[in-house]
Trainee: 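Got a structure here, written out as structure tokens. Questions coming.
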Amino acid sequence: MNVGHNIQDDLSIYGVAGYNAVAYDVLNGTHKDTVYGISYGLGIRYNINDTISTKVEYNTQNIELEYNDPSEKEDTDINLIKLGIAYHF
């Protein structure tokens with residue numbers, strides 16, 4: 001989901017939220033799992049012209065990783081910075 005606000009005619013800021021799956025494998029290969037969680041973030045989009053735009057976006061997601069022993073759990077954050085170019089038809 002993406003909700004935004006125009007700052008200028010060609011510049012907008014927006015918030016994003018979603019539900020993601022993260023698959024991981026413990027380094028020694030003894031435990032594989034997929035965890036699910038809510039992600040959220042902010043972005044800025046700049047329209048270069050009517051058909052091309054660029055964006056910078058920051059997203060974060062908090063997940064709980066489980067290791068070989070179910071009592072060994074670690075709360076961790078996944079942080080992403082995305083850069084993008086879009087062509088609009």
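Values below: every heavy atom of this structure, side chains too, minus hydrogens, waters and symmetry copies. Bear in mind the structure is a predicted one, so any value in this text is a computation, not a measurement.
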Trainee: Keeping the roles fixed (side chain from N47, backbone from N49), state whether a donor-acceptor pair exists under 3.5 Å.
Mentor: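 Checking the backbone N and O of N49 against the side chain of N47, no donor-acceptor pair under 3.5 Å is found.
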
Trainee: For Y87, give me all partners under ring pair (Phe, Tyr, Trp, His ring centres under 6.0 Å), at least two apart in sequence or on another chain.
Mentor: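 For Y87 the ring pair (Phe, Tyr, Trp, His ring centres under 6.0 Å) partners, ignoring immediate neighbours, are F89.
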
Trainee: Mind checking whether I52 and I85 have side chains closer than 4.5 Å, heavy atoms only?
Mentor: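 Yes. Closest side-chain heavy atoms under 4.5 Å.
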
Trainee: Check each of I48, I44, L83 against T54 using the side-chain contact (heavy atoms from CB on, under 4.5 Å) test, and report the only one that passes.
Mentor: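 It is I48, the one option of I48, I44, L83 that forms the side-chain contact (heavy atoms from CB on, under 4.5 Å) with T54.
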
Trainee: So which heavy atom on G15 is nearest to which on L42, and how close?
Mentor: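 Scanning both residues, the minimum pair turns out to be CA-CD2, 4.1 Å.
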
Trainee: Would the number of heavy atoms belonging to other residues, nucleotides or ligands and lying under 6.0 Å from OH of Y58 be above 12?
Mentor: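 Yes - once you tally the heavy atoms of other residues, nucleotides and ligands closer than 6.0 Å, there are more than 12.
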
Trainee: Search all heavy atoms of H88 against all heavy atoms of D50 and return the closest pair with its distance.
Mentor: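 So the minimum-distance heavy-atom pair works out to CB-O, 4.2 Å.
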
Trainee: Do K82 and V56 have side-chain heavy atoms sitting under 4.5 Å apart?
Mentor: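 The answer is no; the side chains never approach within 4.5 Å.
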
Trainee: Tell me, with the steps shown, if T60 and L80 meet side chain to side chain contact (heavy atoms under 4.5 Å, CB included).
Mentor: CA-CA 6 Å; T60 188; L80 301 170; over 6 Å; no

Trainee: State whether the number of non-hydrogen atoms from other residues, nucleotides or ligands found under 6.0 Å of N79 atom CG is greater than 12.
Mentor: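 Atom CG in N79 is packed in, count exceeds 12.
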
Trainee: Taking the side chain as C-beta and beyond, is there a heavy-atom pair between T76 and N62 under 4.5 Å?
Mentor: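 No, too far: nothing below the 4.5 Å cut-off.
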
Trainee: For I38, look at atom CD1 and say whether over 12 heavy atoms of other residues, nucleotides or ligands are found less than 6.0 Å away.
Mentor: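 No - once you tally the heavy atoms of other residues, nucleotides and ligands closer than 6.0 Å, there are 12 at most.
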
Trainee: Any chance you could measure S53, atom OG, to Y46, atom OH, to the nearest 0.5 Å?
Mentor: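 Reported to 0.5 Å precision, the distance equals 11.0 Å.
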
Trainee: Is the shortest heavy-atom distance from the side chain of H5 to the side chain of Y14 under 4.5 Å?
Mentor: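 Contact flag for H5/Y14 side chains = no.
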
Trainee: I would like to know whether E57 and N59 meet side chain to side chain donor-acceptor pair (under 3.5 Å); could you show each step before the answer?
Mentor: CA-CA 7 Å; E57 191 174 294; N59 292 177; 3.3 Å; yes

Trainee: Any side-chain heavy atom of Y36 within less than 4.5 Å of one from N20?
Mentor: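 With C-beta onward as the side chain, the pair stays apart.
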
Trainee: Looking at N6 and D9, would you say the former's side chain and the latter's main chain have a donor-acceptor pair under 3.5 Å?
Mentor: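 No, N6 side chain to D9 backbone: no donor-acceptor pair under 3.5 Å.
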
Trainee: Side chains of V35 and E64: does their closest heavy-atom pair fall under 4.5 Å?
Mentor: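 Contact flag for V35/E64 side chains = no.
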
Trainee: Are V16 and Y40 packed together at the side-chain level, in the sense that at least one heavy-atom pair is separated by less than 4.5 angstrom?
Mentor: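 Contact flag for V16/Y40 side chains = no.
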
